[in-house]
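Okay, structure first, notes after.
In what follows, chains are A, B, ... by sequence order, proteins preceding strands, each numbered from 1.
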Protein chains: 2
Amino acid sequence: MDNQAAAATPAPSTAQRILDAAEDLFAEKGYSATSLGDVADRVGIRSPSLYNHFKNKEALYEAVLERLLTEFSAPLSELDSGPVTRERVFYWLETIVRQHHANPNLARLLQHAALSGGPHTNALIDRLFSPMFRPATQIEGAENTLIESSGLQPWAVMAFNNLVMSYVTMAPMYRDLLGQDPFSDEALDNQLNLIKTLLRAVFEYKGDIAPGVPPSGE
Amino acid sequence: MDNQAAAATPAPSTAQRILDAAEDLFAEKGYSATSLGDVADRVGIRSPSLYNHFKNKEALYEAVLERLLTEFSAPLSELDSGPVTRERVFYWLETIVRQHHANPNLARLLQHAALSGGPHTNALIDRLFSPMFRPATQIEGAENTLIESSGLQPWAVMAFNNLVMSYVTMAPMYRDLLGQDPFSDEALDNQLNLIKTLLRAVFEYKGDIAPGVPPSGE
DNA sequence: GTAATTGACTAACAATCGTTAGTATAACGC
DNA sequence: GCGTTATACTAACGATTGTTAGTCAATTAC
């Protein structure tokens with residue numbers, strides 16, 4: 001009768017179940033469009049009972065955010081030290097892609113925050129993005145690539161990050177457009193393939209910086 | 001006294017001013033987080049007066065969407081016919097970038113719709129994205145590039161589109177991160193430079209498809 | 001000039017929101 | 001066993017929401 005298998009994943013506490021429900025709803029609808037009644041309904045309790053676990057809606061949101069940020073920053077913390085080789089950049093990108101596939105909610109929450117430009121944005125920026133822009137960051141052996149030598153590096157870093165995150169935030173649209181589950185293993189492979197190919201192209205491209213193309217027709 | 005200069009841009013009607021205000025607010029906060037009171041305040045009227053111009057909130061939203069879609073589809077309609085050359089792909093990308101810089105609201109509205117996966121999404125998809133995936137679309141002279149030959153083409157098309165749109169939807173974050181106005185002329189040049197460089201790298205890259213990088217550290 | 005239409009307004013509604021107060025029940029400490 | 005704590009509940013609040021009804025001044029039609 002004792003469920004040792006379930007002991008590995010013990011029955012989640014009410015607070016955790018509230019966090020789970022709130023995370024999904026905040027990520028889908030955003031802060032103000034998510035009602036505490038919706039959260040409570042998903043948990044199977046009444047909305048005033050939420051106040052036994054969180055001070056108010058704002059505190060619940062911040063708890064959701066905190067849990068997501070620690071979840072996402074953990075696997076990447078090991079990259080903080082040591083030289084930044086090309087291989088580590090690839091590994092870093094692949095890790096991020098897999099993380100966002102495993103849990104799309106952080107990207108969605110971040111996108112909501114960025115759109116509304118609310119006060120939540122700053123905390124997100126500091127925790128997630130600022131580490132990407134440490135001044136000493138330069139990729140070994142990439143001194144003369146198009147990105148490094150053209151002053152576009154921070155833009156390029158953001159671009160690749162956006163590539164990963166927008167895939168997640170646009171996922172419902174991908175589903176309708178391409179007719180397949182954007183979170184399937186096959187889709188994950190496709191995205192990894194594409195994004196690594198783009199990164200390789202950037203690293204190995206030896207041509208000039210885009211000189212501009214005459215906008216007139218043929 | 002007659003203002004001939006103003007005749008070129010005649011005083012906008014109340015309906016237009018409502019559309020302008022609603023467009024900004026829907027794009028910033030999303031549908032349900034935007035109240036008709038906010039819209040009315042921006043126009044300088046009371047919220048019930050909105051009903052003299054639009055049937056209800058939903059109709060106002062759809063009118064905003066309709067105006068944006070026609071505004072954005074017009075400059076690109078000329079690309080519907082004729083062969084798809086590389087130069088035309090560059091021109092198409094540059095046009096899209098410039099459009100979204102001139103008015104970021106469509107991208108933001110689209111991002112809100114995609115996140116919430118609401119019923120508005122389908123109309124947006126059909127009008128904006130489906131033309132990108134006409135079956136006969138193949139880029140002249142690109143038969144053997146990495147994108148064309150690897151079955152990644154629709155993914156790549158979406159990736160480049162996401163690159164453009166996520167720049168806009170993440171603009172507030174760019175402002176705080178990079179410390180400059182993401183919609184300045186200089187920033188526009190930077191983004192155009194980066195995105196064209198990426199596209200050139202994709203077109204001219206002759207290496208293999210990403211073979212995967214051993215994820216183990218050094 | 002008068003009638004009709006437009007478009008603003010105020011007042012008010014039902015619903016929903018976040019939140020508080022007060023109560024009851026089950027579990028836990030000693 | 002008993003008091004304490006934790007956590008669920010119902011009832012109710014003030015505020016805000018989208019929306020309707022009805023009024024009134026200004027513009028337009030003839």
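As rounded to whole Å, 22 Å separates atom P of dC13(D) from atom CG of Asn56(A). With rounding to whole Å, Leu36(A) atom CG is found 4 Å from dG18(C) atom P. Between Tyr31(A) atom OH and dC17(C) atom P the separation is 14 Å, expressed in whole Å. For Leu60(A) and dT19(C), the CG to C1' distance is 14 Å, given to the nearest whole Å. Rounded to whole angstrom, the span from the OH atom of Tyr61(B) across to the C1' atom of dG18(D) amounts to 17 Å. Counting to the nearest Å, the P atom of dT19(D) and the OH atom of Tyr51(B) are 3 Å from each other.
Heavy atoms of Ser32(A) sit nowhere under 4.0 angstrom from any nucleic acid atom.
Side chain of Gln99(A) to backbone of Phe72(A): a donor-acceptor contact under 3.5 angstrom is found. The main-chain N or O of Ser35(A) is never found under 3.5 Å from a side-chain atom of Lys57(A) such that the two would form a donor-acceptor pair. For the pair His100(A) (side chain) and Val164(A) (backbone), a donor-acceptor distance under 3.5 Å is absent. Within the 3.5 Å criterion, the main-chain N or O of Val97(A) finds no donor-acceptor partner in the side chain of Gln191(A).
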Please write out the pairs of protein N or O atoms and N or O atoms of nucleotides 5-9 of chain C separated by less than 3.5 Å, giving the distance to one decimal.
from	atom 1	to	atom 2	distance (Å)
dA8(C)	OP1	Thr14(B)	OG1	3.1
dA8(C)	OP2	His53(B)	NE2	2.5
dA8(C)	N7	Asn52(B)	ND2	2.8
dC9(C)	OP2	Arg46(B)	N	2.8
dC9(C)	OP2	Ser49(B)	OG	2.8

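Mapping Lys55(A) and Asp38(A) onto DNA chain C via the closest heavy atom, the residue that lands nearer the 5' end is Asp38(A).
Between Arg98(A) and Glu94(A) there is a salt bridge, since at least one side-chain N of the basic residue sits less than 4.0 Å from a carboxylate O of the acidic one. Ion pairing between a basic and an acidic side chain is recognised when a charged N comes within 4.0 Å of a carboxylate O; Arg108(A) and Glu28(A) show no such pairing.
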